[in-house]
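In what follows, chains carry the letters A, B, and so on, assigned in the order in which the sequence lines appear, proteins first and then strands, with residues in each chain numbered from 1. The analysis underlying the following values was restricted to heavy atoms, covering all of them including side chains, and did not include hydrogens, waters or symmetry mates.
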Amino acid sequence: MLQLQVVREEKDNIIAALQKRNLDAAPLLEKVVLLDEKRRTLQTRLDNTLAESNKLSKEIGMLFKSGKAQEANVLKEKTGGLKEESKSLGDELSAVAGELQDLLYQIPNIPNALVPAGTSEEDNEEVFREGDIPTLDTNALPHWELAKKYDIIDFELGVKITGAGFPVYKGKGAKLQRALIAYFLDKNTAAGYTEMQVPLLVNEASGYGTGQLPDKEGQMYHIGADDLYLIPTAEVPVTNIFRDVILNENEFPIQYTGYTPCFRREAGSYGAHVRGLNRLHQFDKVEIVRVEHPANSYKALDGMVEHVKSILRELQLPYRILRLCGGDLGFTAALTYDFEVFSTAQDRWLEISSVSNFEAFQANRLKLRYRDENGKTQLAHTLNGSSLALPRVLAGILENCQTPKGIKIPDVLVPYCGFNIIS
RNA sequence: GGAGAAAUGGCAGAGUGGUCGAAUGCGGCAGUCUUGAAAACUGUUGAGGGUCACACCUCCGGGGGUUCGAAUCCCUCUUUCUCCGCCA
């Protein structure tokens with residue numbers, strides 16, 4: 001959520017910047033500024049009314065105390081009108097404030113200057129590429145065929161138990177998955193991230209805090225009986241650790257990592273692009289989250305990108321990094337780098353990580369602040385990234401590491417797996 | 001799930017209808033003293049709105065109510081603790 005004060009002061013700049021998202025925010029922002037003025041006018045009127053009745057009440061109290069009940073009762077009669085007035089002003093105020101809040105929730109984050117213009121993923125800007133794309137046999141298989149051949153993932157079983165998009169990992173497939181999680185967490189903790197185990201169900205306030213609500217309500221599974229949401233990413237519970245928190249400057253940087261299953265409804269997409277592990281309703285992911293001083297958040301973003309790079313380098317997977325264009329940039333992000341691994345057998349790139357700086361957008365919703373050198377509270381910056389999302393990494397390994405003898409496990413994972421080939 | 005108790009500032013803990021944004025202690029910050037530190041002493045120390053700055057307003061778990069006036073009384077929700085039951 002954008003800060004009201006910033007909207008007030010830099011309306012035109014914001015409108016211009018949001019054009020990169022192909023959004024004409026002018027009507028929205030004009031309305032916000034108007035409502036804000038209205039809000040403040042009402043607030044002032046209400047405050048004055050309350051001040052007056054506070055004063056009267058005190059006088060009445062004094063009169064009663066000094067035994068002048070008669071005079072007190074006279075004053076009492078005068079309070080009726082004030083009471084009515086403050087009631088109606090209060091109602092009006094909360095209506096306006098509510099409307100203002102709703103509008104603010106509709107405004108996406110301001111894209112960073114680096115964000116390229118564009119309308120779709122076609123316009124994302126490739127900024128880095130590394131790793132050799134292997135030459136595979138002509139009879140190389142996509143990962144879902146390999147999963148069947150080596151009996152390591154059973155998609156039909158998942159359909160039976162739950163439905164499409166909930167695979168069952170078996171034997172060495174399950175072990176490889178567990179190895180990846182352990183490896184990722186070890187890499188992250190070695191880089192200074194503290195491991196956290198967090199709830200997989202979150203309340204409504206947490207959903208609002210990180211921006212999943214109200215914009216993307218339909219993407220989350222909702223538990224109606226208890227009004228809780230299954231997390232779509234560890235970002236939600238981990239970042240919400242800092243909801244309503246005021247940090248001291250010397251607590252920066254905060255670096256957390258956590259492994260969680262993630263649940264996404266992702267309705268409406270079918271076909272080859274969602275086959276196998278390409279898109280699931282439940283998948284595993286290891287996430288990194290940082291809370292930073294605003295002056296350092298972009299340095300931190302670069303650091304996170306380098307960190308994810310180092311993991312992919314160790315896994316020896318061919319990957320590229322994209323800077324998301326305005327049309328593809330998430331609602332809450334100011335700048336996002338997507339990592340994609342090349343799936344040789346499918347001959348396409350698969351997104352395996354998304355690293356973003358949200359600047360103060362989430363912090364404003366979270367009320368995540370720090371005390372600056374003058375003792376004033378300021379909004380902190382939040383960032384997060386996947387390191388990494390499991391299913392597509394798994395798909396990349398299966399497809400790129402397939403040999404006539406079986407799937408050759410990347411060296412760095414062998415100590416975690418206890419085997420070096422799936423055959 | 002049943003019975004009871006409780007929720008106050010960073011923490012501990014007073015405050016049961018009026019001058020309470022809230023005693024006191026600890027912690028934090030600043031100063032005095034000291035070569036420096038500790039101790040001691042003095043001062044200061046919640047958040048948000050609003051204002052050029054003041055004034056002023058709101059907030060004592062959340063929401064609602066009673067009252068001229070609520071941290072204090074009533075209703076409701078949530079959470080925590082104790083006892084009982086059930087259970088990984």
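- Comparing the P positions of B:rC86 and B:rC77 gives a spacing of 27 Å, expressed to the nearest Å.
- We find that CG of A:Leu368 is positioned 16 Å from C1' of B:rG48, with the value rounded to whole Å.
- Nucleotide B:rG21 has no partner under the Watson-Crick or G-U criteria, as no pair reaches both atom distances under 3.5 Å.
- Separating the P atom of B:rC87 from that of B:rG65 is a span of 45 Å, rounded to the nearest Å.
- Considering only the side chain of A:Ala51, B:rC57 comes nearest among B:rG50, B:rA47, B:rC57.
- Electrostatic pairing of A:Arg39 and A:Asp36 counts as a salt bridge here, judged by a charged N lying under 4.0 Å from a carboxylate O.
- Nucleotide B:rG43 forms a pair with B:rC29, judged by Watson-Crick or G-U wobble geometry with both contacts under 3.5 Å.
- If you check every strand for non-hydrogen atoms under 4.0 Å, A:Asn54 touches sugar and phosphate atoms only.
- Shortest non-hydrogen contact noted between A:Asn240 and A:Ser206 is ND2-O, 2.8 Å.
- Using a 4.0 Å heavy-atom criterion, one finds that A:Ser57 contacts the bases of the nucleic acid, with or without backbone contacts as well.
- Comparing atom distances between the A:Ile246 side chain and each of B:rA47, B:rG69, B:rC57 picks out B:rA47 as nearest.
- Among the nucleotides B:rG48, B:rC68, B:rU58, the one closest to any side-chain atom of A:Arg369 is B:rG48.
- Following rounding to the nearest Å, A:Glu373 (CD) and B:rA30 (P) show an atom-to-atom distance of 14 Å.
- A:Thr239 places no side-chain N or O within 3.5 Å of a backbone atom of A:Val236 that could act as its donor or acceptor partner.
- One finds a side-chain N or O of A:Thr377 lying less than 4.0 angstrom from the OP1 or OP2 phosphate oxygen of B:rG48.
- For A:Lys76, counting side-chain heavy atoms from C-beta on, the closest listed nucleotide (B:rC57, B:rC68, B:rG48) is B:rC68.
- In this structure, of B:rG69, B:rA47, B:rC57, it is B:rC57 that holds the atom nearest to the side chain of A:Asp47.
- Comparing B:rU58, B:rG46, B:rU51 by their nearest atom to the side chain of A:Arg40 picks out B:rU51.
- Across all strands shown, B:rA55 remains unpaired; no Watson-Crick or G-U wobble contact has both distances below 3.5 Å.
- In this structure, B:rG4 and B:rC81 make a Watson-Crick or G-U wobble pair, each of the two defining distances being under 3.5 angstrom.
- The partner of B:rG9 cannot be assigned: no Watson-Crick or G-U wobble pair with both contacts below 3.5 Å exists in any strand.
- The side chain of A:Lys55 places no N or O atom within less than 4.0 Å of a non-bridging phosphate oxygen (OP1 or OP2) of B:rC68.
- Between A:Lys148 and A:Glu145 there is no salt bridge, since no side-chain nitrogen of the basic residue lies less than 4.0 Å from a carboxylate oxygen of the acidic one.
- Using a 4.0 Å heavy-atom distance criterion, A:Arg45 is classed as making no nucleic acid contact.
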How far apart are the C-alpha atoms of A:Glu37 and A:Arg8, what are their side-chain angles, what is the distance that settles it, and do they pass the salt bridge (Lys or Arg N to Asp or Glu O under 4.0 Å) test? CA-CA 9 Å; A:Glu37 272 169 35; A:Arg8 211 184 285 160; over 6 Å; no
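- Side-chain N/O atoms of A:Arg371 include none lying less than 4.0 angstrom from OP1 or OP2 on B:rG28.
- Heavy atoms of A:Ile60 sit under 4.0 angstrom from at least one base atom.
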